[in-house]
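The structure under discussion appears below in the form of structure tokens.
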Amino acid sequence: SETTPGDWTLLGSATVTSQGPNTATYVPITSGVLPAGDYGFYVRVPAIFEINTGIDMHYTSGSNTYSNSDISIITGIGVGGDFGDPDACNHWSRNYPLTGGACIFLDRMWNGTIYYDTEPAVAPTITSAAPGNGTDGVAYNHTYTATGSSPITYSVTAGALPTGLTLSTAGVISGTPTVPGNYTGTVTATNGTAPDATQNFNITIAAVPPTITSAAPGNGTDGVAYNHTYTATGSATITYSVTAGALPTGLTLSTA
């Protein structure tokens, strides 16, 4: 990525003028609190250098890693000019070889000091409302949110979610409930800093009333076998019965 500006995401920057050889130049870069991860420092300098003039750049060759319990600085190769501008190498005063069409300098070592503050770890607090009720056979979704130090993970630590629903570690309940009923339990949010945050849930999954979708039974003939099947939508299990009048003599209706 050293030679491709588009591969970088800018988090903070500063424009400074060198204070000269062997004199520290303060670079005040400010940005938000950075989560754990890998970040890069990129120094952009004029593409054209003049040896022994004020616009030349000097650095210490070599590579190394410097670290403490909070941060590691890993050094290595660098590029000349603005993202490896070939002019930084091709100028008559340098005439360095190009690598892959870009100006690549030798390995360089870190020569400076990084001043930083660490953010105190903050225990999680669930800020979202408890999940609501749902309906059998209808897709369900609920997202938990919480404040506190990242990353925060979520889990069901008591009871159980409705059948068909799951809770991701990112705090999303999703799925399609398949069994009506009332479900209770506890969701816990944790980030490694005590105390964990908990929130109880009480989710009722409503049954769907049946709707007969088949046509009414047709006519028949005395002495000839007869068959008709009812179909219906709704929460299982659906049973059928004759609740008024009577079927023709010799016919019966099963609960199915």
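In this structure, CD1 on I29 lies 10.0 Å from CG on L11, to the nearest 0.5 angstrom. For the atom pair Y240 OH and I238 CD1, the distance stands at 5.0 Å (nearest 0.5 Å). Atoms CD and OG, from Q199 and S128 in turn, are 5.5 Å apart once rounded to the nearest 0.5 Å. We find the CG-CD1 distance between D38 and I74 to be 7.0 Å, quoted to the nearest 0.5 Å. Here NE2 of H142 is found 8.0 Å from CD1 of I203. Values are rounded to the nearest 0.5 Å.
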Please determine whether side chain to side chain donor-acceptor pair (under 3.5 Å) holds for the pair T145 and T127, giving the CA-CA distance in whole Å, both sets of side-chain angles, and the decisive distance to 0.1 Å.
CA-CA 6 Å; T145 58; T127 55; 2.9 Å; yes
When you look at Y66 and I71, which way does the side chain to side chain contact (heavy atoms under 4.5 Å, CB included) test go after all the steps?
CA-CA 8 Å; Y66 310 85; I71 191 171; over 6 Å; no
Would you check, one step at a time, whether the test side chain to side chain contact (heavy atoms under 4.5 Å, CB included) holds for F41 with I73?
CA-CA 10 Å; F41 292 91; I73 304 171; 5.8 Å; no
Please lay out, stage by stage, how T157 and T188 fare under the test side chain to side chain donor-acceptor pair (under 3.5 Å).
CA-CA 6 Å; T157 52; T188 298; 2.7 Å; yes
Decide yes or no on side chain to side chain contact (heavy atoms under 4.5 Å, CB included) for N200 and T184, but give the supporting numbers first.
CA-CA 7 Å; N200 296 329; T184 60; over 6 Å; no
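The environment of CG in N182 is crowded: more than 12 heavy-atom neighbours from other residues, nucleotides or ligands sit within 6.0 Å. Summarising the local packing, CG of D70 is surrounded by more than 12 heavy atoms from other residues, nucleotides or ligands at distances under 6.0 Å. Atom CG of D222 has 12 or fewer heavy atoms from other residues, nucleotides or ligands within 6.0 Å.
Side chain of S63 to main chain of T75: no donor-acceptor pair is present (N/O by atom type, distance under 3.5 Å, no hydrogens or angles). Although no hydrogens or angles enter the test, the distance criterion places no donor-acceptor pair under 3.5 Å between the side chain of E119 and the main chain of S149. Panel note: side chain S254, backbone A256; a donor-acceptor pair is recorded below 3.5 Å.
Here the shortest heavy-atom pairing between P131 and F201 reads CG-CB, 3.7 Å. Here the shortest heavy-atom pairing between P28 and A14 reads O-CB, 3.7 Å. Of all heavy-atom pairs spanning P5 and T3, the tightest one is CD-O, 3.6 Å. Taking each heavy atom of P177 and G175 in turn, the nearest pair found is CD-O, 4.0 Å. Across P162 and I205, no two heavy atoms sit closer than the pair CB-CG1, 3.7 Å. When every heavy atom of T204 is checked against every heavy atom of N133, the shortest pair comes out as N-OD1, 2.8 Å.
One hydrophobic cluster, built from ILVMFWY side chains closer than 4.5 Å, cannot hold both V138 and V172; they sit in different ones. The hydrophobic cluster containing V179 also contains Y140, counting ILVMFWY residues as joined when their side-chain heavy atoms lie under 4.5 angstrom apart, directly or transitively. I212 is connected to V242 through a chain of hydrophobic side-chain contacts under 4.5 Å among Ile, Leu, Val, Met, Phe, Trp and Tyr, so both are in one cluster.
Of the residues T193, T147, N191, the one that meets the side-chain contact (heavy atoms from CB on, under 4.5 Å) test with I152 is N191.
Looking only at side-chain heavy atoms (C-beta outward), I173 and L161 come within less than 4.5 Å of each other. Residues T135 and V208 meet the side-chain proximity criterion, which asks for heavy atoms closer than 4.5 Å. Taking the side chain as every heavy atom from C-beta outward, P180 and S235 approach each other to under 4.5 Å.
For the residue pair N141 and S174, no side-chain donor N or O sits within less than 3.5 Å of a side-chain acceptor on the partner. Side-chain contact annotation: T190 with D196, donor-acceptor N/O pair under 3.5 Å present.
Ring-plane geometry between F83 and Y42 is classed as parallel, the angle between the planes falling under 30 degrees on a 0 to 90 degree scale with a further cut at 60. Ring geometry for Y154 against Y144 counts as parallel: the plane angle stays under 30°, on a 0 to 90° scale with 60° as the upper cut.
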